[in-house]
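Structure record follows, encoded as C-alpha cells.
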Amino acid sequence: MCGIIGILGSHEVSPQLVDALRRLEYRGYDSAGVATVDATGRLERRRAVGKLVNLADRLVHEPLPGHIGIGHTRWATHGAATEVNAHPHQSGPVAVVHNGIIENFRDLREELGALGIQPQSQTDTETVALWTAHYMDQGQSPIQAARSTLARLRGAFALAFIFDGEDDLMIAARKGSPLAIGHGDKEGAFALAFIFDGEDDLMIAARKGSPLAIGHGDKEMFLGSDAVALAPFTDRITYLEDGDHAVLTRAGVQIFDAAGNQTHRVEARIDTGATAIDKGGYRHFMAKEIAEQPVVIGDVLNHYVKGDRIVLPDGMNFHDVDRISLVGCGTAHLAGHVAKYWFEQLAGLPCDIDVASEFRYREPPLSPKSWFIAVSQSGETADTLAALHYAGAHVARTVGLVNVGTSAIARDADIALPTLAGIEVSVASSKAFTCQLTVLAILALKAAHDRGRMDDDALAAHLADLRSVPGLMQQTLSMSDACRDQAEWLSQARDVLFLGRGALYPVALEGALKLKELSYIHAEGYASGELKHGPIALIDRDVPVIVLAPHDALFEKTVSNMQEVMARHGPILLLSDDEGLASASHGVQASLQMPSGGGAFQPILYAIPMQYLAYHTAVAKGTDVDQPRNLAKSVTVE
C-alpha cells in the first residue's frame with residue numbers, strides 16, 4: 001500500500017526515484033509521481049495514472065532535473081485513481097507525499113475554505129500541502145511550517161516534504177505508517193579513484209554505494225517506506241518511531257520525538273542481499289515464490305528445530321499459559337485459523353482467532369496468563385499493530401510473527417519470531433503463508449511438550465512429520481501442470497466453492513481467497529459440514545466445487561458432503577492422496593493427487609494446489625497476477 005522514496009543526492013535523482021518506486025510496486029498502487037528541486041531552486045513534479053512505465057515515459061518527454069526529490073506510488077483511499085489525485089501534491093512552495101489517512105482532513109479543508117483556499121483534488125494529502133504553504137505565507141520557515149501542520153493532523157501517516165528554493169532540505173514525519181531513513185556510505189561499498197604510471201591525462205573513478213561525485217564531495221541521504229526501496233543506495237537504516245519527525249540534509253539527519261525534543265534512534269544494518277528483487281526466469285513473481293517454498297520451509301525448520309529439540313527465544317515456555325489469542329488479516333488470519341486446530345488438538349490449549357480489524361473493537365476479556373500472537377507478513381499491518389498495542393496491557397506476553405524483522409510489530413512485541421520467507425513481491429501471499437504455518441506448528445508442538453500433553457518420543461515423531469514437509473512440498477510442486485489443466489475449466493466459472501474439514505477448512509478459505517484475489521472470480525470457502533446449512537442452495541452444473549479431503553479421520557464425513565454435491569449435479573474437483581482417490585474419486589469431474597504423509601501438518605501441503613489453481617486461473621483469464629486490481633501488499637491504514 002503506497003510507497004515513498006526520497007533522495008538527497010549528488011546526481012540527477014529522477015531516474016533513481018523511478019527505479020526505487022519500481023522496487024515498491026509489490027505494495028500495490030494505481031498511480032505514481034515524483035517531484036524535484038532543480039539547481040536553480042525550482043520545485044516541479046510529474047505524475048501519471050496506472051503503471052510506473054507511464055510515469056517513466058512522461059519523464060522521457062518532460063524531464064525533471066534536480067539532485068533532491070521525492071517519489072510516490074499511490075493506492076487510492078480518498079478520491080479515484082486520477083492524475084489530479086496522484087502524489088506528490090504541491091501547493092505553491094511545498095510538495096508532499098503521504099502514506100496513510102488524515103482522519104480530520106475534512107475539518108482542515110473547511111478551515112482552509114474559510115481562508116479562501118480551495119483544494120484541487122479529492123485527497124486528504126493535499127490538505128497537508130495547503131496548510132504548510134499557508135503557514136509559509138504567514139512568514140514561517142519550511143521547517144516551522146511543516147511542524148505547525150503536523151501538529152494539526154490526526155490519523156496515521158508517513159509524510160515527506162520538499163520545498164521550492166531548498167535543494168538541501170527534506171522533512172519526514174511518521175505516525176502509524178512506517179518510514180525509514182537511509183544513510184549514505186553503504187557497508188562493503190566503495191568510492192575509488194585510480195591513476196597510472198605513464199598516464200598524465202587519465203583518472204578512473206568508480207562508485208558502489210558510497211557517494212562519489214565529480215567536482216564536489218556532497219554526502220547523500222535517503223528516505224523510504226521500507227528497506228526494499230533503500231537497499232540499492234545504503235545498508236544503514238534508521239527507523240522513525242511513532243510521533244517522530246526528521247530534518248534531513250546531505251550532512252545528516254536530526255530526529256525529534258512527539259514532544260519536539262531532539263532524540264537519537266538506533267541505526268541498523270540491513271542485509272541488502274535479502275532485498276534482491278528478480279523473477280529468476282519465472283513468468284511472474286508469484287510462480288517463483290510458490291516454487292521457493294520447500295527451501296524457505298527448510299530454512300524455518302533449520303532455524304527453530306535442532307535435532308528433536310525446539311529452540312525458541314528465552315521466556316517462551318507455555319507451562320502457565322491459559323489461552324492463546326491469534327490475530328491477523330487476510331491470509332495471515334487464515335494461518336492463525338489453521339494454528340487454532342494445532343494449539344487445541346495437540347497442546348490442549350484454548351485458542352481464539354480474530355480478524356485484526358475487529359479484535360479491539362469487541363473489547364475481548366483477556367487473561368493475564370494468556371499470550372497474544374500477531375501474525376503479519378509485513379509487520380506493519382495497521383489493524384494488527386493496533387490489536388497488538390491493545391493486547392499488550394492485558395496479557396502476559398505478546399509475540400510478533402513477522403517476515404520483516406525490523407518492522408513495527410517486531411519492534412513492539414515482547415518477542416519477535418521471524419518467518420524467514422525472504423522478500424515476497426507478489427501481492428497474493430504464498431511462501432509467507434506456508435512459513436507462517438510452519439512457525440505456528442512449531443509453537444503448537446512446543447506448547448504441547450511444555451504442558452505435558454506430548455512426551456519426548458511423541459514430540460520427536462511430530463517433528464519428523466514436520467521435517468518431511470519440504471520434501472513432500474517438492475513433490476506437490478509437480479502438480480503445477482495438472483492445476484493448469486483444471487484452470488481452463490475454472491476460468492469459465494462465475495462462482496466457485498471450496499470445502500474442507502478440520503484444519504483443512506481454513507485452507508479451503510485460503511483457496512477461495514486466492515482465487516478471488518487473482519482471477520476476480522467469486523469464490524467462497526466453507527466447512528464441509530456447513531454445506532447443507534445454506535450453501536447447498538447454490539449448487540448446480542455451473543458451480544465448481546473444490547473438495548480438500550486427505551485420507552484422515554474426517555475423510556468419510558467429507559466424502560459424504562461431496563456426495564451431496566454430486567447428487568445435485570455439482571461438478572467436483574477432488575484433492576486427496578492415493579488412498580483417498582482410490583475410494584472416492586468415482587463420478588467426480590476431476591481429481592488431483594496429493595502426496596501421502598505430513599501427519600497433522602498436511603494443511604501446509606494443501607496450500608500449494610490452492611495457490612497453483614488461483615495462479616493458473618488468473619493466467620488463463622489474463623489478469624495481473626502479481627499486482628491484482630485494488631489490492632496492496634502492506635495495508636498500513638485501518
Side-chain angles (χ1 to χ4, degrees), residues 334 337-338 340-341 344-345 353 476 479 482-483 485-517 519-596 598 600 602-614 616-617:
L334 296 177
H337 200 162
V338 174
K340 173 181 171 68
Y341 287 88
E344 294 186 343
Q345 292 176 348
I353 175 68
T476 310
M479 296 174 62
C483 290
D485 294 341
Q486 301 310 317
E488 294 298 326
W489 162 46
L490 294 176
S491 66
Q492 306 303 312
R494 293 185 59 186
D495 305 278
V496 179
L497 299 182
F498 290 74
L499 301 181
R501 276 185 178 266
L504 273 297
Y505 163 45
V507 180
L509 293 171
E510 170 66 6
L513 177 61
K514 280 288 168 287
L515 193 67
K516 282 183 280 197
E517 286 179 319
S519 70
Y520 317 145
I521 294 171
H522 174 252
E524 298 295 339
Y526 288 97
S528 300
E530 280 294 290
L531 183 72
K532 52 187 169 290
H533 297 288
I536 201 167
L538 300 174
I539 300 300
D540 63 27
R541 299 179 189 275
D542 298 320
V543 178
V545 180
I546 299 173
V547 179
L548 285 64
H551 197 271
D552 57 14
L554 297 175
F555 176 75
E556 296 298 337
K557 292 185 181 298
T558 303
V559 170
S560 294
N561 301 137
M562 184 181 78
Q563 294 294 335
E564 293 167 356
V565 174
M566 295 169 65
R568 290 156 179 82
H569 310 293
I572 295 288
L573 171 57
L574 174 63
L575 283 76
S576 188
D577 47 50
D578 54 355
E579 190 174 357
L581 294 182
S583 64
S585 62
H586 179 72
V588 303
Q589 175 152 326
S591 62
L592 293 171
Q593 182 171 332
M594 295 291 296
S596 300
Q602 285 186 328
I604 304 173
L605 300 176
Y606 275 74
I608 290 181
M610 298 300 95
Q611 296 162 4
Y612 269 142
L613 287 171
H616 287 303
T617 302

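Side chains are part of it too, since the values below use all heavy atoms of this structure and drop only hydrogens, waters and symmetry mates.
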Any donor and acceptor pair, going by atom type alone, linking the side chain of [X] with main-chain N or O of [Y] inside 3.5 Å?
{"X": "S528", "Y": "G500", "value": "yes"}
{"X": "T617", "Y": "A614", "value": "no"}
{"X": "S519", "Y": "K516", "value": "no"}

Legend entry - E564/R568 salt bridge by N-O under 4.0 Å criterion: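 No.
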
Ignoring hydrogens, what is the shortest heavy-atom contact between [X] and [Y]? Give both atom names and the distance.
{"X": "G570", "Y": "I539", "value": "CA-CG2, 3.7 Å"}
{"X": "K514", "Y": "M610", "value": "CB-O, 4.3 Å"}
{"X": "Y606", "Y": "D577", "value": "OH-N, 4.0 Å"}
{"X": "A503", "Y": "V338", "value": "O-CG2, 3.9 Å"}
{"X": "V588", "Y": "S591", "value": "CG2-CB, 4.4 Å"}
{"X": "A508", "Y": "F498", "value": "O-CB, 3.4 Å"}

How many angstroms lie between atom [atom1] of [X] and atom [atom2] of [Y], to the nearest 0.5 angstrom?
{"X": "Q345", "Y": "Y341", "atom1": "CD", "atom2": "OH", "answer": "8.0 Å"}
{"X": "H337", "Y": "E510", "atom1": "NE2", "atom2": "CD", "answer": "12.5 Å"}
{"X": "L531", "Y": "I536", "atom1": "CG", "atom2": "CD1", "answer": "4.5 Å"}
{"X": "L592", "Y": "L574", "atom1": "CG", "atom2": "CG", "answer": "8.5 Å"}
{"X": "D542", "Y": "R494", "atom1": "CG", "atom2": "CZ", "answer": "10.0 Å"}
{"X": "L548", "Y": "L499", "atom1": "CG", "atom2": "CG", "answer": "8.5 Å"}

Are [X] and [Y] side-chain neighbours, meaning at least one heavy-atom pair lies under 4.5 Å?
{"X": "I604", "Y": "V507", "result": "no"}
{"X": "L575", "Y": "V547", "result": "no"}
{"X": "L554", "Y": "L504", "result": "no"}
{"X": "P544", "Y": "L573", "result": "no"}
{"X": "N561", "Y": "K532", "result": "yes"}

Legend entry - Trace of the side-chain contact (heavy atoms from CB on, under 4.5 Å) decision for Q589 with I572: CA-CA 5 Å; Q589 175 152 326; I572 295 288; 5.6 Å; no

Inset, instruction - Apply the side-chain contact (heavy atoms from CB on, under 4.5 Å) test between E524 and each candidate in V496, L497, L538; give the one that qualifies. - result: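 Exactly one option meets the side-chain contact (heavy atoms from CB on, under 4.5 Å) with E524, and it is L497.
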
Inset, instruction - Decide side-chain contact (heavy atoms from CB on, under 4.5 Å) for M479 and M594; before the verdict, give the C-alpha distance in whole Å, the side-chain angles of both, and the deciding distance to 0.1 Å. - result: CA-CA 8 Å; M479 296 174 62; M594 295 291 296; 3.5 Å; yes

Legend entry - Heavy atoms of other groups near K557 NZ, more than 12 under 6.0 Å: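 No, not enclosed.
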
Inset, instruction - Count the heavy atoms of every other residue, nucleotide or ligand shown that sit under 6.0 Å from NE2 of H533, and state whether that count exceeds 12. - result: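 Yes - once you tally the heavy atoms of other residues, nucleotides and ligands closer than 6.0 Å, there are more than 12.
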
Legend entry - Side chains of H522 and D495, donor plus acceptor under 3.5 Å: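 Per modelled atom types, H522 and D495 side chains form a pair under 3.5 Å.
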
Inset, instruction - Please work out which of the three classes, parallel, tilted or perpendicular, describes the rings of F555 and H551, given edges at 30° and 60°. - result: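 H551 and F555: tilted rings.
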
